[in-house]
Amino acid sequence: MFTQRDKVREFVEFSVKNPNTQCLIFKNRNYAPVGASVVMRYEYNINGVEVSYDKWYVECFNEAKAFGLPGIEHHNKLVKGSGVNIISKKSATYTFYGQDAERIINACEMNRDIESLIMANNHIIR
């Protein structure tokens, strides 16, 4: 039997795949950089439902990996101890961890050029 939490997760996973979903990615300055990695905040807005999470990011990851720069082991991973936050006007606020969080993130990032979004926002917000 589906709980309200499951319904919200399923709604987000299905709805966020729409290419018209608003997406904003920016540097989260609440976390100090670790070597070459910085924390990026990902925010999506789907018909009154807000999805947000913090992930580590390394600019030009392949080159940084080739040089063996510190912090590259964090790249593309959720900030430890954090999860995917979903705020819905119709229901409560939920935080997802583990496999549920990964499923939501994969749905959010599917068919999106995240690298280009990060680079575009990074140059605008600096």
Nearest non-hydrogen partners of [X] and [Y], listed with the distance:
X	Y	result
Asn18	Asn20	OD1-N, 2.8 Å
Trp56	Ala32	CH2-O, 3.9 Å
Ser52	Arg41	OG-NH2, 3.1 Å
Glu13	Lys17	O-CE, 3.3 Å
Thr21	Ser15	OG1-O, 3.5 Å

Let me check something: do Phe26 and Val34 share a hydrophobic cluster, defined by ILVMFWY side-chain heavy atoms less than 4.5 Å apart, either directly or through other members?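 No, no single cluster joins them.
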
Are the side chains of [X] and [Y] in touch, meaning some heavy atoms are under 4.5 Å apart?
X	Y	answer
Val51	Val16	no
Glu10	Arg103	yes
Phe96	Arg5	yes

Rounded to the nearest 0.5 Å, how far does [atom2] of [Y] lie from [atom1] of [X]?
X	Y	atom1	atom2	answer
Asn106	Gln99	CG	CD	11.0 Å
Tyr53	Ile104	OH	CD1	10.0 Å
Ile86	Tyr44	CD1	OH	12.0 Å
Ser88	Lys7	OG	NZ	12.5 Å
Ile25	Cys108	CD1	SG	10.0 Å

Which residues share a ring-ring contact (aromatic ring centres under 6.0 Å, His included) with Tyr94, sequence neighbours left out: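 Partners of Tyr94 by the ring-ring contact (aromatic ring centres under 6.0 Å, His included) criterion come out as none, since no residue qualifies.
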
Quick one: list whatever passes ring-ring contact (aromatic ring centres under 6.0 Å, His included) with Tyr31, sequence neighbours left out.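 By the ring-ring contact (aromatic ring centres under 6.0 Å, His included) rule, Tyr31 matches no residue at all.
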
Taking everything shown except Tyr97 itself, do over 12 heavy atoms lie less than 6.0 Å from its OH?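 Count over threshold, so yes.
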
Got a list of side-chain donor-acceptor pairs under 3.5 Å for residues 70-85, not counting sequence neighbours?
unit_1 : atom_1 : unit_2 : atom_2 : d
Glu73  : OE1    : Gly71  : N      : 3.3
His75  : ND1    : Val58  : N      : 3.0
Asn76  : OD1    : Lys55  : NZ     : 2.6
Lys77  : NZ     : Glu73  : O      : 3.1
Ser82  : OG     : Val79  : O      : 2.6
Asn85  : OD1    : Thr95  : OG1    : 2.9

